[in-house]
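Presented below is the structure to which this report refers.
Residues take their numbers from the sequence shown, with the count starting at 1.
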Amino acid sequence: MKYIQLDYTYMMDFVREKDILKMQSKVTDVHKVIEERTGIGGDFLGWLDLAHRMPVSELESIVKTAEEIQKTSDIFVVIGIGGSYLGARAVIDSLSHSFHNALPHKSPQIFFAGQNMSGKYYEDLKEVLMNKRLTVNVISKSGTTTEPALALRYFRDLMQSVMASGQVKQRIIATTDAAKGSLKKMADQEGYRTFVIPDDVGGRYSVLTPVGLLPVAVAGININELLQGARDMEAYLKEPDLKKNPAYMYAVIRNSMYASGKAIEIMANFDPSLHFFSEWWKQLYGESEGKDNKGIYPASVDYSTDLHSMGQWVQQGARNIFETLLWIEKSRSGAAVPTLQNDLDGFNFLSGKTFDFVNEKAYQGVTLAHHDGRVPNMSVMIPEMNAYYLGQLIYFFEKACAMSGYLLRVNPFDQPGVEAYKSNMFALLGKKGFEEKNKELMETLKTIERRVV
């Protein structure tokens with residue numbers, strides 16, 4: 001059995017291994033706090049052993065529901081924002097056909113909504129949905145998050161205009177709180193099927209709950225293999241020894257980089273299918289660590305695409321960055337470079353070589369070039385991209401995030417700053433109870449406008 005590993009060879013010119021290992025005592029203490037769930041935010045550590053304790057009956061229900069959706073739906077719309085959709089999208093895009101929604105034999109197509117408030121997006125999606133068999137999965141703990149709540153209204157109204165009420169309730173599935181919240185109340189009143197978001201798992205850690213598992217199963221991905229990967233990684237990371245625990249080593253190295261003035265971490269992938277995995281990672285670390293005027297800023301790039309744009313900045317820009325690269329060790333394709341008569345472009349020396357072979361040399365070239373350009377970089381080595389190893393990868397970054405957040409001395413499981421914009425938005429929209437706030441904001445806007453003029 002293989003595991004996700006961390007190659008930090010190109011970090012060693014920027015941080016000494018003996019200095020890293022001096023953190024062992026602190027890491028051991030934090031590990032105990034995590035495992036015993038006694039630290040700040042410990043009530044939201046349910047993801048630690050989630051893959052082990054999920055009831056078989058719940059998994060069977062998810063699979064059965066997914067199979068029904070596959071048979072009865074042309075389109076499956078997942079409504080959610082942040083952790084309510086990023087995890088599912090990351091897994092689906094990582095493991096599915098690159099153009100899965102365009103395949104004529106693929107059913108259902110999977111689209112996402114509730115992650116923005118663009119009217120054009122909704123009108124365009126409505127056009128795609130017309131005359132199609134639609135099932136909607138709305139995901140929200142409370143039901144009062146603005147973007148998914150408005151999206152549910154929109155699609156519910158659309159469905160009611162073309163379906164009988166009995167059909168509508170059969171085609172809306174709510175993943176929400178077990179007992180409270182407006183979405184739970186609506187589901188009970190309308191008769192929607194429901195799946196439960198565990199109380200002790202926050203949104204950005206919820207991909208291995210029904211939040212992510214139902215959409216992933218609808219996409220035809222084996223959720224049991226995904227969970228088995230997480231289980232095995234959980235067992236692998238039980239030792240706090242930095243030499244044996246790559247997730248903790250990653251956490252310590254990134255905090256060492258931060259202490260030395262490297263305030264930006266760039267996650268780089270070398271496969272377009274990992275784009276949304278990077279987006280999931282950005283939320284996980286940004287929302288977990290960006291507090292108390294502290295935290296590494298998580299950014300991402302898609303290589304080799306961005307080597308022709310952002311690559312210039314990374315190579316020769318401000319030296320306040322370090323990189324974490326995702327590398328899939330086993331090729332997923334045999335697509336090869338053809339021979340061109342007369343060799344007009346000069347690339348016949350690559351005839352017969354696979355695109356993945358060329359991509360590997362690009363990866364090796366990047367790590368060397370960026371190291372020479374004084375950009376510390378480390379690689380997360382993925383033995384193969386399948387459901388099992390993706391389950392490992394998800395758990396790897398979740399466990400590392402808990403350790404990293406505690407080392408930074410913040411609560412890795414809350415997100416108080418997310419509420420700030422909502423208060424202003426509700427006041428400007430005229431929501432009841434925000435009248436005084438509205439007056440203050442309107443005066444502020446007038447002041448700003450006068451300054452601009």
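- Under the 4.0 Å criterion applied to side-chain N and carboxylate O atoms, K126 and E123 are not assigned as salt-bridge partners.
- Within 6.0 Å of CZ on F44 lie no more than 12 heavy atoms contributed by other residues, nucleotides or ligands.
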Quick one: do I328 and L274 satisfy side chain to side chain contact (heavy atoms under 4.5 Å, CB included)? Show the steps, please.
-> CA-CA 10 Å; I328 304 168; L274 291 173; 3.9 Å; yes
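- With respect to the salt-bridge test (charged N to carboxylate O, under 4.0 angstrom), the residues R409 and D292 do not qualify.
- By the 4.5 Å heavy-atom criterion applied to side chains, N386 and E225 are not counted as neighbours.
- A salt bridge between D19 and K22 is present, with a side-chain N of the basic residue lying under 4.0 Å from a carboxylate O of the acidic one.
- Contact check for T175 versus L183: no side-chain heavy atoms found under the 4.5 Å cut-off.
- Ion pair R156/E190 flagged as a salt bridge, since at least one NZ, NE, NH1 or NH2 atom sits closer than 4.0 Å to an Asp/Glu carboxylate oxygen.
- Within the 3.5 Å criterion, the main-chain N or O of Y121 finds a donor-acceptor partner in the side chain of S118.
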Please lay out, stage by stage, how H370 and Y10 fare under the test ring pair (Phe, Tyr, Trp, His ring centres under 6.0 Å).
-> CA-CA 9 Å; H370 290 181; Y10 292 117; over 10 Å; no
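- Between W327 and Y363, the angle of the ring planes stays under 30°, which puts this pair in the parallel group of the 30/60° scheme.
- Note on ring orientation: taking the six-membered ring where Trp is involved, the planes of Y250 and Y285 are perpendicular (angle over 60°, cut-offs 30° and 60°).
- By the 4.0 Å N-to-carboxylate-O rule, D49 lies close enough to R37 to be salt-bridged with it.
- A salt bridge does not link E58 with R53: none of the charged nitrogens is closer than 4.0 Å to a carboxylate oxygen.
- Using a 4.0 Å cut-off between charged side-chain N and carboxylate O, D157 and R153 make no salt bridge.
- A donor-acceptor pair under 3.5 Å links the side-chain atoms of K291 to the main chain of D414, judged by distance alone.
- Cation-pi geometry between K431 and F426 is met: under 6.0 angstrom from the ring centre, within 45 degrees of the axis.
- Ion pairing between D232 and K2 fails under the 4.0 Å rule for side-chain N and carboxylate O.
- Just one residue in the list E239, E35, E234 forms a salt bridge (charged side-chain N to carboxylate O under 4.0 Å, His left out) with K399, and that residue is E35.
- Taking each heavy atom of I296 and R254 in turn, the nearest pair found is CD1-O, 3.4 Å.
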What's the verdict on side chain to side chain contact (heavy atoms under 4.5 Å, CB included) for M385 and L390, showing C-alpha distance, side-chain angles and the deciding distance?
-> CA-CA 7 Å; M385 185 45 66; L390 192 55; 4.2 Å; yes
Audit row: Q5, V380, side chain to side chain contact (heavy atoms under 4.5 Å, CB included) steps and yes/no | CA-CA 6 Å; Q5 294 295 340; V380 176; over 6 Å; no
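- Counting only heavy atoms from C-beta outward, the side chains of L134 and D74 never approach each other to under 4.5 Å.
- Side-chain contact between P246 and L237 is present, with at least one heavy-atom pair separated by less than 4.5 Å.
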Start with the C-alpha distance between Y258 and F322, add both sets of side-chain angles, then the distance that settles ring pair (Phe, Tyr, Trp, His ring centres under 6.0 Å), and finish with yes or no.
-> CA-CA 9 Å; Y258 182 58; F322 66 98; 9.2 Å; no
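- Counted by atom type alone, S404 and N255 present one or more donor-acceptor pairs between their side chains at under 3.5 Å.
- With contacts defined as side-chain heavy-atom distances shorter than 4.5 Å, the pair F397/L284 qualifies.
- When all heavy atoms of A299 and K282 are compared, the closest pair comes out as C-CD, 4.2 Å.
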